[in-house]
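What follows is a set of notes on a single structure, which appears directly below.
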Amino acid sequence: SAIAPLNLTSPRAALQAAWVVLGIVVALRAAGLWDFESAMTQLPPLCLFHALTDIDCPGCGMTRAFLCLARGDVASAWAFHPFSPALAALLLVLAWGPKTAWDWLQHSRVAQRASIAALVVLLAWWSWAKLLPSMVLAT
C-alpha cells in the first residue's frame, strides 16, 4: 500500500504539521543535538516589520515563546510574549481537538466577536508595551 501524500491544504493539517515540527525541535534540543538559543542569535531577524522599523511587531517573540512553552517554561514564554499561552492552547485545540472546532470558529458569532476582541486587546497591548516606548525613545 502506498503512503498518501501530506495534504497541507487544510488549516487543521497545516497546524498539525507545525506542532509535529515543534515537537521535533524540542526533541532535538532535549537530546542535546541542537542548541536553539545559539541558533537564534546567529539567524537574521525574520520579521520584515522589525527589519524595516526596528520596532517589534505584535507577534515578535512568539516563536521563542512557543519553544519555551514546549519545554514547560511558562514564565519565559510569558516574558517573550504574554499572549503565547492562550494562542498555544487555541492552536492545540484547533489542531488536535474535535474537528467541529474549526466549524465553530468560522461560523459562530461568539467566536467572531471573541476574535475581534482578542485582536483589539493584542493591538492595545502592543501599542502600550512596544510601539509607545519606541516612539518616546525616538524623540
Correct closest heavy-atom pair for Ser127 and Pro133 would be O-CD, 4.2 Å

Ring pair (Phe, Tyr, Trp, His ring centres under 6.0 Å) filter on Phe66, not counting sequence neighbours, yields none

Applying ring pair (Phe, Tyr, Trp, His ring centres under 6.0 Å) to Trp125 and not counting sequence neighbours gives His81, Phe83

Review point. Do Leu131 and Phe49 share a hydrophobic cluster, counting only Ile, Leu, Val, Met, Phe, Trp and Tyr and linking them when any side-chain heavy atoms are less than 4.5 Å apart?
Key: yes

For Ala77 and Cys68 the tightest heavy-atom approach is N-CB, 3.6 Å

Item to complete: Give a yes or no on this: more than 12 heavy atoms of other residues, nucleotides or ligands lie within 6.0 Å of atom CH2 of Trp19.
Response: yes

Between Leu33 and Ile24, is there a shared hydrophobic cluster once you connect ILVMFWY residues whose side-chain heavy atoms come closer than 4.5 Å? yes

For residues 52-61, the side-chain hydrogen bond (donor to acceptor under 3.5 Å, both in side chains) pairs (sequence neighbours left out) are His50-Asp56, Asp56-Lys130

Is Met62 linked to Leu94 within one hydrophobic cluster, defined over Ile, Leu, Val, Met, Phe, Trp and Tyr using a side-chain heavy-atom separation of less than 4.5 Å? yes

Is Leu91 reachable from Trp78 through a run of I, L, V, M, F, W or Y residues, each pair having side-chain heavy atoms under 4.5 Å apart?
no

Heavy atoms of Leu123 and Pro58 approach each other most closely as CD2-CG, 4.1 Å

### Leu69 reachable from Val93 in the ILVMFWY side-chain graph, under 4.5 Å edges
no

